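One structure below.
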Amino acid sequence: MISSDLDRDRIPGHIACVMDGNGRWAQQRGLPRTEGHTAGEQALFEVLDGADQLGVRWFTVYAFSTENWRRPVDEVQFLLRFNEEILLNRQEELHERNIRIRFIGRQDRRVPRRLVRRMREAAELTKDNTGLTFTIAFNYGGRSEIVDAVQRIVDSGVRRVSEKTIARHLYDPEMPDPDLVIRTSGEYRVSNFLLWEIAYSELVFSETLWPDFRKEHLYAAIKEYQDRDRRYGGVGEADGDPGTLG
Ligand code: FPP
């Protein structure tokens, strides 16, 4: 699969990715699970590059879920450091490529202050960039996001709530709903990722473990997306995107 097999007029504007299978990739090789995450970094930046080259405008990844705290302490510690190091090592390069880095998720007390600071720095450094927006879901849960939105709406004293009200109170109200969600490693679940936002997204599941995922797999997922008929509850493409109903 190469990029010229794709219809350039129907590239998804927003792709969201569940980078699954790092642990199994490592275990298959007799390596510690953390080696799988390390190998996943290369996959991530190659796929991000591929998406950018195709003209994808928004690319979102599930880096650490609200459920990931249940992993063994060593792995949690590793993932916290790993995310921090990725930000440190990659932010300049992303900035030079005009990529805007954003974060969604809860910045509660479990997230080390230093990591919160790094996230703020990366977002601040790249905030005026006009290229692809790379959103990192960290300490993110779809249900928590909806709960936090509802809490803020209640706190604001609003009495009439519509879909737009909720959408405006999500972690990043500017983030458009994903057109395409890719989950790797042959797991067919949503796992609390972007629950509100994926109401009409196309879901593509790949058998490839995340560390082996490359541009060609991204192209294959986009091809699958392009071969689908998005009806949004209507009867054909002409019905168009319903947007968020007020
Ligand atoms: C799931 O594999 C993957 C993760 C929990 C983390 C993946 C994170 C990265 C590749 C880095 C992202 C960081 C930034 C800053 C963008 P798994 O451990 O659930 O694999 P398994 O299902 O085989 O156990």
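Because the structure is predicted, anything quoted here is derived from the model rather than measured. All ligand and atom numbering here is 1-based and tracks the order in the structure.
- Remark: R106 does not engage D108 in a salt bridge, criterion side-chain N to carboxylate O under 4.0 Å.
- Of all protein heavy atoms, the one closest to atom 9 (C) of ligand 1 is M19 CE, 3.6 Å.
- For residues 15-30, every residue pair satisfying the salt bridge (charged side-chain N to carboxylate O under 4.0 Å, His left out) rule, not counting sequence neighbours, is listed here: D20-R24, D20-R183, R24-E187.
- The side chain of I86, and not its backbone, has at least one atom closer than 4.0 Å to an atom of ligand 1 (non-hydrogen atoms only; side chain from C-beta on).
- Contacts between L209 and ligand 1, counted as non-hydrogen atom pairs separated by less than 4.0 Å, are absent for every part of the residue.
- Between W25 and ligand 1, no pair of N/O atoms sits closer than 3.5 Å.
- Polar contact check, Y62 against ligand 1: no nitrogen or oxygen pair lies under 3.5 Å apart.
- Annotation for Q42: atom CD does not count as buried by contact number, only 12 or fewer foreign heavy atoms lying within 6.0 Å.
- Residue contacts with ligand 1, taken as heavy atom pairs separated by less than 4.0 Å, involve F82 solely via side-chain atoms from C-beta onward.
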Query raised in the report: Taking it one step at a time, do E224 and R228 satisfy salt bridge (charged side-chain N to carboxylate O under 4.0 Å, His left out)?
Result: CA-CA 7 Å; E224 195 171 329; R228 302 236 183 119; 2.9 Å; yes
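- Annotation: atom 4 (C) of ligand 1 to nearest protein heavy atom, H37 CE1, 3.8 Å.
- Contacts of R118 with ligand 1, taken as heavy-atom pairs under 4.0 Å, are absent altogether.
- Atom numbering of ligand 1 starts at 1 in the shown order; those under 4.0 Å from a heavy atom of A63 are 6 (C), 8 (C), 12 (C), 13 (C).
- Among the atoms of G23, some N or O lies under 3.5 angstrom from an N or O of ligand 1.
- A salt bridge is absent between K223 and D7; no separation between the charged side-chain nitrogens and carboxylate oxygens falls under 4.0 Å.
- Residue-to-ligand polar distances keep E41 apart from ligand 1: every N/O pair is separated by 3.5 Å or more.
- Protein heavy atom nearest atom 15 (C) of ligand 1, with residue, atom name and distance: N83 OD1, 3.2 Å.
- In this structure, atom 18 (O) of ligand 1 lies nearest to the protein heavy atom R71 NH1, 2.7 Å.
- Put simply, CD1 on I153 and NE2 on H169 are 5.0 Å apart, with the number rounded to the nearest 0.5 Å.
- Among the atoms of N68, none of the N or O lies under 3.5 angstrom from an N or O of ligand 1.
- Ion pairing of R214 with D212 is absent here, as no side-chain N (NZ or NE/NH1/NH2) approaches a carboxylate O to less than 4.0 Å.
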Would you give me the side-chain donor-acceptor pairs under 3.5 Å for residues 86-93, sequence neighbours excluded?
from : atom 1 : to  : atom 2 : distance (Å)
N89  : ND2    : E85 : O      : 3.2
R90  : NE     : E41 : OE2    : 3.0
R90  : NH2    : E41 : OE2    : 3.1

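- One finds the CD1 atom of I104 at 12.5 Å from the CZ atom of F138 (value rounded to the nearest 0.5 Å).
- Nearest heavy-atom pair, L218 versus G50, reported as atom, atom and distance to 0.1 Å: CD2-C, 3.9 Å.
- With a 4.0 Å heavy-atom cut-off, ligand 1 is reached by the side chain of R33 but not by its N, CA, C or O.
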